[in-house]
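Each ligand, and each atom within it, is numbered from 1 in the order the structure gives. Everything numeric in this text was worked out from a predicted model, so none of it was measured.
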Amino acid sequence: MEMLNPHCGIDRDDRGVVRLAICNAGPLNILSSAVTDGVREGFERLAGDNAIRAVILAGQSEKSMIGGADIKEMAKLDQKSAEAFIMRLRDLCEAVRHFPAPVIARLPGWCLGGGLEVAAACDFRIAAHNAKFGMPEVRVGIPSVIHAALLPRLIGWGRARWLVMTAENIDAPTALAWGLVNVVAKEGGLDAAVEHTVKALLECGPEALRSQKDLLRQWEELPLTVSINLSVGTFGKSFLTGEPQRLMQGFLDRKK
Ligand SMILES: C/C=C/C(=O)SCCNC(=O)CCNC(=O)[C@H](O)C(C)(C)COP(=O)(O)OP(=O)(O)OC[C@H]1O[C@@H](n2cnc3c(N)ncnc32)[C@H](O)[C@@H]1OP(=O)(O)O
């Protein structure tokens, strides 16, 4: 594994698939300020690399991808330092959300609080059969903030309200039924499930995927008519890359 910094290691294969591991963050992969900054810096360093086709975000243990933000650190915060702390986590989630290529969250075990916020900022969430999800913030006296705002968009207001206001955990089948995760792997099959998604992405045009991700992000924020109309320009611009012409010709030539 190549260490980009003490908290972010990458393994890159010859397909352009990067496994980005959160490192030296304990068995639960807890987000201290230092860990948060290290992972954000890793995403920012990779963002300019057009050869990357997909990123798999993973923890270094099977206990969790991210177990939450660091309660030991948060217990010492005051108003000013709390805002600085949460802005670091916001910046990490934004680096993931704006990462040009698709990002897959690999989710074994616990996915709680800030961990679920980072997972929500990813494009896809692939869960182990025994993964558990929750937003326990209110139990430690803080509201769920920043990318918890993605939850109502993912699972609807009623379920998001239930998660952030009851702090009850849900299991992987429930998370799948709610649309919080895309896939629940069978026992022992988490990496195979992630690889299945990776292979699907590799079958697609890389430029088209980047443009699709960018468009989806804009659609989340814009009124419907604006979304519809702005996609006309995106469609036209996609032909500047030469990718549609090449892939369409490949389809037309497939039987020759
Ligand atoms: C803006 C964002 C806010 C947030 O993210 S708020 C925080 C959200 N997360 C939580 O509230 C989770 C708190 N942790 C737990 O409830 C449990 O842990 C788990 C269910 C995740 C796992 O339970 P088990 O397997 O029994 O492990 P264990 O003995 O409780 O924890 C192992 C060590 O990890 C430390 N730890 C766990 N979570 C955190 C955390 N979020 N911040 C700091 N430390 C944490 C513990 O204290 C302990 O440490 P030691 O071995 O020294 O006793």
Contact with ligand 1 for Lys63, non-hydrogen, under 4.0 angstrom: yes
Salt-bridge present (Arg15, Glu195; N to O < 4.0 Å): yes
Nearest-0.5 Å distance, NE2 of residue His129 to CG of residue Leu176: 14.0 Å
Within-cutoff protein neighbour (heavy atom, under 4.0 Å) for atom 41 (N) of ligand 1: yes
Part of Asp70 within contact of ligand 1 (heavy atoms, under 4.0 Å): both
Contact bool for atom 51 (O) of ligand 1 (protein heavy atom, d < 4.0 Å): no
Worked check of side chain to side chain contact (heavy atoms under 4.5 Å, CB included) between Ile146 and Glu117: CA-CA 8 Å; Ile146 56 162; Glu117 288 164 19; 3.3 Å; yes
Straight-line distance of Ser61 OG to Trp110 CH2, nearest 0.5 Å: 13.0 Å
Point-to-point distance, once rounded to the nearest 0.5 Å, from CZ of Arg210 to SG of Cys204: 13.5 Å
Short N or O distance, Leu89 and ligand 1, threshold 3.5 Å exclusive: no
Gly114, Pro143, Pro27, Pro136: member with heavy atom nearest to atom 10 (C) of ligand 1: Pro136
Any protein heavy atom < 4.0 Å from atom 5 (O) of ligand 1: yes
For ligand 1, the portion of Ile86 having any non-hydrogen atom under 4.0 Å away: side chain
Reported CD-to-CZ distance for the pair Glu2 and Arg12, which is rounded to 0.5 angstrom: 9.0 Å
Distance filter under 4.0 Å to Leu112 heavy atoms, resulting ligand 1 atoms: 12 (C), 21 (C)
Carboxylate-amine/guanidinium proximity below 4.0 Å for Arg90 and Glu83: no
Top protein contact for atom 38 (N) of ligand 1, by heavy-atom distance: Ile30 CD1, 3.7 Å
Shortest non-hydrogen contact between Leu180 and Arg125, atoms and distance: O-NE, 2.7 Å
Heavy-atom protein neighbour under 4.0 angstrom from atom 47 (O) of ligand 1: no
Protein contact to atom 7 (C) of ligand 1 [nearest heavy atom, distance to 0.1 Å]: Ala69 O, 3.8 Å
Protein heavy atom at shortest distance from atom 9 (N) of ligand 1: Gly67 O, 3.4 Å
Residue pair Val164 / Val138, side-chain heavy-atom distance below 4.5 Å: no
Side chain to side chain contact (heavy atoms under 4.5 Å, CB included) between Thr36 and Asp91, worked out: CA-CA 9 Å; Thr36 306; Asp91 292 348; over 6 Å; no
Sub-4.0 Å heavy-atom approach of Lys132 to ligand 1: no
Which residue and heavy atom of the protein sit nearest atom 23 (O) of ligand 1, plus the separation: Trp110 NE1, 4.4 Å
Interatomic distance, Met65 atom CE to Ile126 atom CD1 [nearest 0.5 angstrom]: 12.0 Å
Atom 49 (O) of ligand 1 - nearest protein heavy atom and its distance: Lys72 NZ, 4.5 Å
Nearest protein heavy atom under 4.0 Å from atom 34 (O) of ligand 1, yes or no: yes
Under-4.0 Å protein heavy-atom contact, atom 20 (C) of ligand 1: yes
Is_contact(atom 1 (C) of ligand 1), protein non-hydrogen, under 4.0 Å: yes
Contact atoms of ligand 1, heavy-atom distance to Gly68 under 4.0 Å: 5 (O)
Option with minimal heavy-atom separation from atom 37 (C) of ligand 1, where the choices are Leu28, Asn29, Thr36: Leu28
Backbone of Ala58 reached by a side-chain donor or acceptor of Arg106 within 3.5 Å: no
Closer than 4.0 Å: a protein non-hydrogen atom to atom 14 (N) of ligand 1: no
Cluster companions of Met1 among Ile, Leu, Val, Met, Phe, Trp, Tyr (side-chain spacing under 4.5 Å): Met3
Pairwise distance CD1(Ile56) to CG(Leu20) - rounded to 0.5 angstrom: 10.0 Å
Where ligand 1 meets Gly113 - atom numbers and elements under 4.0 angstrom, heavy-atom basis: 5 (O)
